[in-house]
A.B. asks: 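Have a look at this one.
Order of the sequence lines fixes the chain letters, A, B, ..., with proteins taken first and strands second; residue numbering starts at 1 for each chain.
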2 protein chains.
Amino acid sequence: MTVTIKDVAREAKVSVASVSRALNGAGGVTTATEKRIREAAARLRYVPHGAARSLITRRTHTIGALLPDLHGEFFSELIRGIDQKARAHGLHLLVSSAHDGVDDAAAALRAMQGRVDGILILSSRVDEAFLKANLPQDLPAVLLNSPLEDGTHAVLNIDNFAGTYAMVRHLLGVGHERIAFVTGPKDNFDAQQREQGFRAAMAEFMPNASPRIVAGDFTERSGLRAGRELLAAKSRPQAVFAANDMMAVGCLQAFREAGLDVPGDIALAGFDDIPIARYVAPPLSTVRVRIADLGRNAMELLADLIERPGPSAASVHTLGCDIVVRDSCGAHLARNASGGNRRSSDP
Amino acid sequence: MTVTIKDVAREAKVSVASVSRALNGAGGVTTATEKRIREAAARLRYVPHGAARSLITRRTHTIGALLPDLHGEFFSELIRGIDQKARAHGLHLLVSSAHDGVDDAAAALRAMQGRVDGILILSSRVDEAFLKANLPQDLPAVLLNSPLEDGTHAVLNIDNFAGTYAMVRHLLGVGHERIAFVTGPKDNFDAQQREQGFRAAMAEFMPNASPRIVAGDFTERSGLRAGRELLAAKSRPQAVFAANDMMAVGCLQAFREAGLDVPGDIALAGFDDIPIARYVAPPLSTVRVRIADLGRNAMELLADLIERPGPSAASVHTLGCDIVVRDSCGAHLARNASGGNRRSSDP
DNA sequence: GCGAGCAACGTAAACGTTTTCATCAAAGCT
DNA sequence: AGCTTTGATGAAAACGTTTACGTTGCTCGC
């Protein structure tokens, strides 16, 4: 029932070869016959069989995205960016999300085998051995937010280090000296980098201070716990910097419980700029990650790898982030808010 | 240098037919030879070429999801539900999102032609003519949140009507009599149904009242405007029900501007239960849509259509929603909160 | 012990493209 | 005019599977 290239050929009174050439713009056909062929194809509503085509072409015009169990804005923005660029390159997007187990991800990766021209991987669980075992070495791949720099795959990371660094500088500039930090999960790459950025900035700007660092795990509850813990200490920090916004929201709740005014009594900052950050009271100062850009850049990188493959595959890129100053950090109270690079405020 | 079925056949010293049979579990092979074949395949890291397979099988084991320009939780939850069920059925997920123009969506739909076994469509822009023109009539399809009941496609809708209806009943039960409604965009199907639900409930329970209805467009700004407009009127409503949460947040801001206490001076409710709803002050009472369930059910429906195609394709299903009572509606103030079905509160 | 039946296995066609190669006509060159 | 070049077109091979159809050898019932 489906109409094939043969039907078009018959309809246009040419050979299948000419139809193929005409429709692919490969040249070698008169404009007259091309027109006739195009008309015949349109009349018959011919649409080439993708599988047959990619069987011989060895190109699927599809890229795969292997993603962990993401939620909310992060997921949608990432896909938005990827999809946008993919479409620009004429590529389809095969999504496989919600992989938390390693074997789960491995299965998904293998299932994508041969269905995609390239692959985008975002997962904390992948290490070098995993990739070696499950990723065909000739399949173009871009790793997102990965600690791996094995020199065989392209990697695109968020510049967590610079982001925290800039935020610390900003907080110091506002006048806060005793800054405490709430970390993310120990095994999370982003969390590690953010902690390092914090330590580095403090070490540089306040070499004599030994800032308080309490453990969190990126959840609101852990933020609440951390906030309480910080208040329980004898000397209260002047500012608290949480490694992500959800924990900052938790801290906020702890401070509210204690009857503290934010930022009057204690300043607060987060990381990620999730939508909620804008709506809590006071609005949360944070570090914005342009997630759609992350997706876009990753896709661009991958498209490049696909279009001209070669040994230049290995490369490491970083995507900067901006600090966004709202009320919770106290900058709008301070007489002169100096310091901090690439700052921005909501309109 | 990819390894094909022939390589496996040679390695296992059998014919390609046997390899195919063994690997597909089609029977007709001794357990001994099957074992030998499986081992050979494993040794060679053989993975069948999907395109070649689907060329002859006419099955791609992939379903397409055509989505509009969605944001945040809605998108990610929907995909989560779809992906979960898709995987359970051994299907891959081809996503094409961010289609705002009709021609854009049409192009995407045609591009999916032959790459998918079935398709999931969520778009306010598709009408019957569009589907007729761009959707092959033999391709299984499920329409989400669509007003279409053309008897040719399966449709799965959120029960917006029942949701608003229940919320109105709840608000009345709490003691609010003058309830105003803020509508969504006129051309949005969900918005239309919600408005209808509101009108129906009011007509039934307060037949003599003529409730205030002001226009919004689902944005926070339009909610702010609507809130101001409602306060400007001579008789202030006792409760405002916004057709979605973002507009409710806008209303909240308007009320705050006016120095009103929510819910003391005026009650407020929204629809959707976006994550922000829980974090505004006071927390917003709203109607929860279990979006992941929507995705799951849609996928289940589609899988069914694919597995046993037939004239039974047309069907209309509805997914209920729950009202979640937080502080903004005033139920926690009232002495006895009665009315409202399927209520729930946050733990 | 012998034909029938059956299970295991192999051969080859088919799926719908792209692409190489050959063919052929027209046009350009001397 | 004769030869070469060029450009359009067609025939057929190839891509890697699945599957219908044969072929083989074995078992079973008599």
A.B. asks: Return the value, rounded to whole Å, for the distance between atom CZ of A:R59 and atom P of C:dT17.
C.D. replies: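 In whole Å, C:dT17 P lies 18 Å from A:R59 CZ.
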A.B. asks: Map B:R58 and B:K13 onto DNA chain C by nearest heavy atom, then report which one ends up closer to the 5' terminus.
C.D. replies: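 Residue closer to the 5' terminus by nearest nucleotide: B:K13.
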A.B. asks: Rounding to a whole Å, what distance do you find between A:L55:CG and C:dC15:C1'?
C.D. replies: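 Atom CG in A:L55 sits about 9 Å away from atom C1' in C:dC15.
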A.B. asks: Starting at CD of B:E34 and ending at P of C:dC9, how long is that distance when rounded to a whole Å?
C.D. replies: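 The answer, rounded to whole Å, is 10 Å.
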A.B. asks: Determine, for nucleotides 17-26 of chain D in 5'-to-3' order, which nucleotides have protein heavy atoms under 4.0 Å from the base (write B), from only the sugar-phosphate (write S), or from neither (write -).
C.D. replies: BBBB------
A.B. asks: Please determine if B:D104 and A:R87 form a salt bridge, counting it only when a charged side-chain N lies under 4.0 Å from a carboxylate O.
C.D. replies: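 Yes.
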A.B. asks: Is the closest side-chain donor-acceptor distance between B:N297 and B:R290 under 3.5 Å?
C.D. replies: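 No - no donor-acceptor pair under 3.5 Å links their side chains.
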A.B. asks: Report yes if at least one side-chain N or O of A:T30 is closer than 4.0 Å to OP1 or OP2 of D:dG7; otherwise report no.
C.D. replies: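 No.
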A.B. asks: Just by distance, no angles: are the side chains of A:D159 and A:T318 close enough, under 3.5 Å, to form a donor-acceptor pair?
C.D. replies: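 A:T318 and A:D159 do not have a side-chain donor-acceptor pair below 3.5 Å.
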A.B. asks: D:dA8 P sits how many Å from A:R36 CZ, rounded?
C.D. replies: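 Taking atom P of D:dA8 as the reference, CZ of A:R36 is at 14 Å.
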A.B. asks: Taking NZ, NE, NH1 and NH2 as the nitrogens, is one of them in A:E300 or A:R296 under 4.0 Å from a carboxylate oxygen of the other?
C.D. replies: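 A:R296 and A:E300: not salt-bridged.
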A.B. asks: Can you tell whether the side chains of A:E77 and A:R80 come within less than 4.0 Å, N to carboxylate O?
C.D. replies: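 Result for this pair is yes, salt bridge flagged.
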A.B. asks: Counting side-chain heavy atoms from CB outward, which of C:dC15, C:dG10, D:dG10 is closest to A:V14?
C.D. replies: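 Between C:dC15, C:dG10, D:dG10, the one nearest the side chain of A:V14 would be D:dG10.
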A.B. asks: Can you tell me if CZ on A:R45 sees more than 12 non-hydrogen neighbours from other groups inside 6.0 Å?
C.D. replies: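 No, not enclosed.
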A.B. asks: So what does A:T33 touch, heavy atoms closer than 4.0 Å: a base, only the sugar-phosphate, or nothing?
C.D. replies: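 Sugar-phosphate, backbone atoms only, no base.
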